[in-house]
Amino acid sequence: MTKSKADEEDYWNSSKFKAFTFDDEDDELIRLKESRQAVNSIQRLVEEDDDEDDVEKVSWSGEPVGSISWSVKETAASNQRTDREPAFPKIPTDTPSLSKSQSGYSLSSLFKGETALSDSSIRLYAPELRKPKSEYKDYVSDWSPEETIQRLQQGKTAPLEKFRSLQDKLLLLDFAVSAHDGNVITAVLIYLKRTLSKEVLFRELESRQTALRHFIHYLTETKDQRLLLELLRALGRTEDVALLQYKEHLSIADENKRRDFLKSCLSLPFSAEDSAHVQDHYTLLERQIIIERGGKVEIFQKFPRRASILNMPLITTLYYCCFYHYSEPEGTYSSPLNIRQAFKISEKQYFVTALAARAKLKAWLDVDALFTSRNWLGFTRKKSPLSFQRVVDVLQKNSAPTQVLQDYVGLVEDPDMRISLAQKHKCHDIVINTYRDMKDRQQLLGYRGKVGRGSAEERKIDELLNNQQIRWKN
């Protein structure tokens, strides 16, 4: 139906729309004008034949089609249908005609600034802005070698397959080295390893020492022994090749096979120092196999072994022999003295190891024999390559009795340290004798109160204090 202009003026000037008040009259006029234009546009969209205007359309719920409440319900239903529809709606080839019954426009939606048309349908017809040239370049990937390295440093994707010529590949490597980024250098090296022949790759890496070190580290970490050996041989690094082959013994579990492998390594071109180490390793393992099979049964029953001696270090092997094979003749492989001579163990190393082993067994006579030395006149005295203070510590940790400790505390040279150790371990005779030698009557008198009343130590102190021949300090 068509309304006259006068009816429209009365409609907009009615009290219903005067309820919308604005602080500014100009704003009010502008908004009323926009609302009027919106209603006129609806009339043009939904205008049909005069016959249909005379007929009032009613929905299934009994509400007039086109009313505000009907439009709100239709909008909600349309939203629910949209949620159930696929994420990519089919684009119709023909623009559908908008009728009054199909229109999603309503006064409430217009006043709220909304429309019933879905956002997806609006986006279908919205023009796309052209992307900046820098973003467009990300998709076509037409970067130079330097730009490619910069992208890799930034953590962005940058395919290397487009660089096919040797010159471009070497430029990639040089720019990666200049960037001082190990991850980027390794990434480029992996690409070159896959696309270049071994001869070309080795030749180019020889003149690029930084890249070469990264490549050797990469092959070591990935355990590519075959290619690493080929690389080192091509570079003429024979000693590195020998050491790399020697390290393969670590993967051999059987001790006999490992011994045979070490024997085969003796002919490899090691340096003089490394060759001596490999020889010692082979000799030690050979001895350990023999030692493992022998030994007196009694001591193993009294002190069961905690682990096998095989593949143990040299000092551990010496300690084992000092513990289980100490009294064996020097000519046997398991004799501690034989091991000391064969592997040129220093006197101090041997002494400390033997002292710890025999003190652990509480073999105090063997401990005493370690310190006894005889001079050219036949006199004996106690001598140690280790300070007697440390000797006392070792003996005390192994629960040596006081009488044993007293013998070695008395050999400490520094008087103050000797007195301190003697008081700590309750070696009263050492303290009394040291104060006597220092002629310190006051200290001796003070120490008299620390010993037991009526004890032998108290009587000894009294005798010294009453001795008129001692010239005490003032």
Side-chain angles (χ1 to χ4, degrees), residues 137-138 140-253 257-258 261-279 281-282 311:
K137 203 171 185 180
D138 288 350
V140 297
S141 68
D142 53 345
W143 308 296
S144 65
E146 184 177 9
E147 291 172 331
T148 300
I149 297 302
Q150 290 174 356
R151 287 183 59 84
L152 290 175
Q153 280 188 285
Q154 297 167 3
K156 298 180 180 180
T157 57
L160 305 179
E161 288 75 10
K162 66 183 293 292
F163 301 102
R164 299 184 178 180
S165 67
L166 178 60
Q167 181 181 2
D168 287 344
K169 292 176 182 178
L170 295 179
L171 280 175
L172 275 176
L173 183 59
D174 292 337
F175 281 123
V177 171
S178 300
H180 304 290
D181 191 322
N183 293 333
V184 176
I185 295 173
T186 304
V188 175
L189 287 171
I190 293 173
Y191 173 63
L192 298 183
K193 170 179 172 283
R194 190 158 40 90
T195 57
L196 293 179
S197 65
K198 296 176 185 178
E199 293 76 10
V200 174
L201 179 61
F202 296 165
R203 184 188 70 234
E204 298 299 336
L205 287 178
E206 188 174 8
S207 60
R208 296 169 172 84
Q209 291 299 311
T210 302
L212 177 61
R213 288 194 299 270
H214 279 80
F215 192 58
I216 292 175
H217 180 74
Y218 164 74
L219 295 178
T220 304
E221 290 295 317
T222 56
K223 295 181 174 54
D224 193 345
Q225 297 287 96
R226 182 184 57 79
L227 185 58
L228 183 55
L229 284 172
E230 292 182 18
L231 172 62
L232 295 175
R233 288 193 184 100
L235 297 174
R237 295 166 62 166
T238 55
E239 292 183 8
D240 292 335
V241 173
L243 287 173
L244 191 62
Q245 288 182 286
Y246 166 70
K247 287 181 180 179
E248 293 181 8
H249 80 272
L250 297 172
S251 60
I252 304 174
K257 292 181 179 178
R258 180 179 288 197
F261 178 81
L262 290 174
K263 187 176 181 179
S264 67
C265 290
L266 297 176
S267 59
L268 294 176
F270 293 104
S271 63
E273 183 180 1
D274 292 337
S275 180
H277 288 312
V278 175
Q279 178 67 56
H281 190 180
Y282 165 71
N311 300 313

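The first residue in the sequence is number 1, and the count goes up from there.
Listed here is the closest heavy atom pair of Ala211 and Leu173: CB-CD1, 4.0 Å. Taking each heavy atom of Val188 and Ala176 in turn, the nearest pair found is CG2-CB, 4.1 Å. Minimum interatomic distance between Ala187 and Leu160 (heavy atoms only, all atoms of both residues): O-CD1, 4.1 Å. The minimum heavy-atom distance linking Gly182 with His214 is given by the pair CA-NE2, 3.7 Å. Heavy-atom minimum distance, Pro145 versus Leu172: O-CD2, 3.8 Å.
Side-chain N or O atoms of His249 include one that pairs as donor or acceptor with a backbone N or O of Tyr246 at under 3.5 Å. A donor-acceptor distance shorter than 3.5 angstrom exists from the side chain of Thr148 to the backbone of Ser144, with no hydrogens or angles considered. Under the 3.5 Å distance criterion, the side-chain polar atoms of Arg258 are left unmatched by any main-chain donor or acceptor of Ala253.
Contact annotation: the side chain of Leu166 approaches that of Leu196 to within less than 4.5 Å [non-hydrogen atoms, C-beta and beyond]. Using a 4.5 Å cut-off on side-chain heavy atoms (C-beta onward), Ile185 and Tyr218 make no contact. Contact annotation: the side chain of Leu228 approaches that of Leu232 to within less than 4.5 Å [non-hydrogen atoms, C-beta and beyond]. Within the 4.5 Å cutoff, no side-chain heavy atoms of His277 are placed close to those of Phe270. Put simply, the side chain of Leu212 reaches to within 4.5 Å of the side chain of Leu235, judged on heavy atoms. Inter-residue side-chain proximity for Leu219 and Ile216 is flagged as unmet; no heavy-atom pair is nearer than 4.5 Å. Annotation: side chain of Trp143 is in contact with side chain of Pro159 (closest heavy-atom distance under 4.5 Å). A 4.5 Å side-chain heavy-atom check between Gln245 and Leu229 finds at least one atom pair inside the cut-off.
More than 12 heavy atoms of other residues, nucleotides or ligands lie within 6.0 Å of CD in Gln209, so this atom counts as buried by the packing criterion. Within a 6.0 Å sphere centred on CD of Gln154, other residues, nucleotides and ligands contribute more than 12 heavy atoms.
Interatomic distance, Leu266 CG to Ser275 OG, rounded to the nearest 0.5 Å: 7.0 Å. Here the straight-line distance linking atom CD of Gln279 with atom CG of Leu262 works out to 10.0 Å at 0.5 Å rounding. Taken from NZ in Lys193 to CG in Leu205, the straight-line distance is 12.5 Å, to the nearest 0.5 Å. The distance from atom NZ of Lys223 to atom OG of Ser251, rounded to the nearest 0.5 Å, is 11.0 Å. Remark: His217 NE2 to Thr222 OG1 distance equals 9.5 Å, nearest 0.5 Å. Note that OG of Ser165 is 8.0 Å distant from CG of Leu171, once rounded to the nearest 0.5 Å.
Applying the salt bridge (Lys or Arg N to Asp or Glu O under 4.0 Å) rule to pairs touching residues 198-222 yields Asp174-Arg208, Lys198-Glu230, Glu204-Arg208, sequence neighbours excluded.
Tested against Lys169 for a side-chain contact (heavy atoms from CB on, under 4.5 Å), the candidates Val200, Leu201, Leu192 yield a single pass: Leu192.
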